[in-house]
Asks: 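The structure is given below, and queries will be raised subsequently.
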Amino acid sequence: MKVLVIGSGGRCHAIVEALSRSEKNPKIYAAPGNAGIAALAECVAIKDTDVEGLLCFAQREAIDLTVVGPEAALAVGVVDAFRAAGLKIFGPTKAAAEIEASKDFAKRLMFKYDVPTAAYATFTDFEEAMAYVRKGSLPTVLKYDGLAAGKGVVIATTMEEAEATLRDMLLDTKFGEGRVVIEEFLTGEEFSLMCFVAGNKVCPMPVAQDHKRAYDNDEGPNTGGMGAYTELPFVTEEDHTYAMEKIMQRVADAMVAEGTPFTGVLYGGLMKTPQGIKVIEFNARFGDPETEVVLPRLMSDAIDVFMAVAQNEAPVVEWSNEATLGIVLASKGYPGSYDKGFVIEGTECVESKVYHMGTALKDGELVTAGGRVMIVVASAPTLQEAQMKAREDIAKIKCDNLFHRTDIGNKAFK
Ligand code: AMP
Ligand code: GLY
């Protein structure tokens, strides 16, 4: 059995690690992988968006199953190309991945199929957008929806800020033809519900919570995620049933009805508001760093799970009852500019799982090579114990240029 995992970060390391536990003893390749993944898989130097290169490699090596990590690979149509060549691949087609790539697509789908989400309107014209903002209330949420993604989401608390942001998103021609989704501002606790989806068959993973801001108490700039944990006391069984029926299942059915059935991981970024659970965003792939705390709990054989979904069948999935908690070690300065190449010592003394995000090997030594460098993930019968274990293990890792949040998981203890 030969498996190819596309991607290079902590999420990819967690996927590779789950596959490495398979009783089928697969030969695993990662493209391009990283220094941590290299201990479990053969890393091949092909970029995650090089569809031609990935396809050639998979055909030459007779890969039995490919698993896609990052959204960039989905957006360039890697799944479509593999399927057209008759290869098995886990992930959505380019058309289905629109649910993440286009906020306007996701919003239209949710309104058409009555999926609870914030009220919104979409604009390409600056004056019309400003008129809409002036009529509404503050804060207001402005989401860029065009080819220059990554300009992201701005929560404007003043009219001046809203105007400056809209000017930037709609009038600044260097970003080309853009669209802005303007949304009602919601409040509440956020959580991530990832599901394996094969057409209309939907199978949930444990609910997780990301910590997006750089510093403790959710202060500082937004990041790719500074930590996560599973088992959220504030998501009740009733909440879960509601989210599965009214959101995840309904969207999977909607995608089938629209002629773009979804295959892979559908990630619901949800918020428990005073008016009920609502969708903040959808992603068309495993979340990062949620995957790093969810997949360690996978008890079923990962190959069986991914293969079932790739063949459009419902997977049979079992999870451990443990709580998990992961703390990210990031380079000082991240998410702004930072230096690389600092030696990291002590990871071999860590009992928890360590997934590499941005590391490299230099002259035989492990060094920092990215903004987020690694994530330490502890498992324990309770979340308190998992938090303690993760903290103890973090203290064993020595490096001159790393920082981390000390409050990951605290929201569960409120
Ligand atoms: P997104 O890229 O859509 O996930 O948005 C990034 C972050 O902005 C989310 O994780 C939320 O914390 C926040 N956010 C997005 N939309 C809203 C909204 N309608 N109301 C309040 N916060 C939001
Ligand atoms: N954790 C947020 C994301 O994966 O987009």
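First listed ligand is number 1; within each ligand, the first listed atom is number 1.
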Asks: Would you mind running through ligand 2 and noting each atom that sits below 4.0 Å from a heavy atom of Asn283?
Replies: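 Counting from 1, the qualifying ligand atoms are 3 (C), 5 (O).
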Asks: Which protein heavy atom lies closest to atom 19 (N) of ligand 1, and at what distance to 0.1 Å?
Replies: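 Checking every protein heavy atom, the shortest distance to atom 19 (N) of ligand 1 gives Glu183 OE1, 2.7 Å.
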Asks: Would you indicate whether Lys47, at its atom NZ, is surrounded by more than 12 heavy atoms from other residues, nucleotides or ligands within a distance under 6.0 Å?
Replies: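 No, the 6.0 Å shell around NZ holds no more than 12 heavy atoms from other groups.
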Asks: Backbone, side chain, both or neither: what part of His211 comes under 4.0 angstrom of ligand 2, heavy atoms only?
Replies: neither
Asks: Assess Lys103 against Phe105: is NZ or CZ under 6.0 Å from the centre of the six-membered ring, and within 45 degrees of the ring's axis?
Replies: no
Asks: Looking only at atom types and distance, does a side-chain atom of His211 sit under 3.5 Å from a main-chain N or O of Gly227, one as donor and one as acceptor?
Replies: yes
Asks: Consider ligand 2: state whether an atom of it lies below 4.0 angstrom from any non-hydrogen atom of Tyr267.
Replies: yes
Asks: Considering the heavy atoms of Lys143, write down every atom of ligand 1 situated less than 4.0 Å from one of them.
Replies: 3 (O), 15 (C), 16 (N)
Asks: Give the residue and atom name of whichever protein heavy atom lies nearest to atom 18 (C) of ligand 1, and the separation in Å to one decimal.
Replies: Val141 CG2, 3.6 Å
Asks: Return the option from Asp210, Asp288, Thr291, Thr223 holding the heavy atom at the smallest distance from atom 4 (O) of ligand 2.
Replies: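 Looking at heavy atoms only, Asp288 sits closest to atom 4 (O) of ligand 2.
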Asks: Taking 4.0 Å as the limit for heavy-atom contacts, which would you say applies to Glu184 with ligand 1: side chain only, backbone only, both, or neither?
Replies: backbone
Asks: When you measure from atom 11 (C) of ligand 1 to every protein heavy atom, which one gives the shortest distance, and what is it?
Replies: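 It is Glu190 OE2, 3.2 Å.
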Asks: Should you measure from each heavy atom of Lys212, which atoms of ligand 1 turn up under 4.0 Å away?
Replies: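 Those atoms are 4 (O), 10 (O).
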Asks: Which residue is it: Lys278, Lys107, Glu184? I am looking for the one with a side chain to side chain donor-acceptor pair (under 3.5 Å) to Thr117.
Replies: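 Considering Lys278, Lys107, Glu184, a side chain to side chain donor-acceptor pair (under 3.5 Å) with Thr117 is found only for Lys107.
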Asks: Mark up the atoms of ligand 1 that fall under 4.0 Å of a heavy atom belonging to Phe185, in ascending order.
Replies: 20 (N), 21 (C)
Asks: Give the residue and atom name of whichever protein heavy atom lies nearest to atom 22 (N) of ligand 1, and the separation in Å to one decimal.
Replies: Ile155 CD1, 3.8 Å
Asks: Which atoms of ligand 2 have any heavy atom of Gly287 under 4.0 Å away?
Replies: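 In order of number, 4 (O).
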Asks: Report yes if some N/O of Leu186 lies less than 3.5 Å from some N/O of ligand 1; otherwise report no.
Replies: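 For ligand 1, there is an N or O atom that lies under 3.5 Å from one belonging to Leu186.
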Asks: Hey, is Lys88 close enough to Asp64 for a salt bridge, meaning N to O under 4.0 Å?
Replies: no
Asks: Side chain, backbone, both or neither: which applies to Val153 and ligand 1 if a contact is any heavy-atom pair less than 4.0 Å apart?
Replies: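 Within the 4.0 Å criterion, Val153 contacts ligand 1 through side-chain atoms alone.
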Asks: Which heavy atom of the protein is the closest neighbour of atom 5 (O) of ligand 2, given with residue, atom name and distance?
Replies: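 That would be Arg285 NH2, 2.9 Å.
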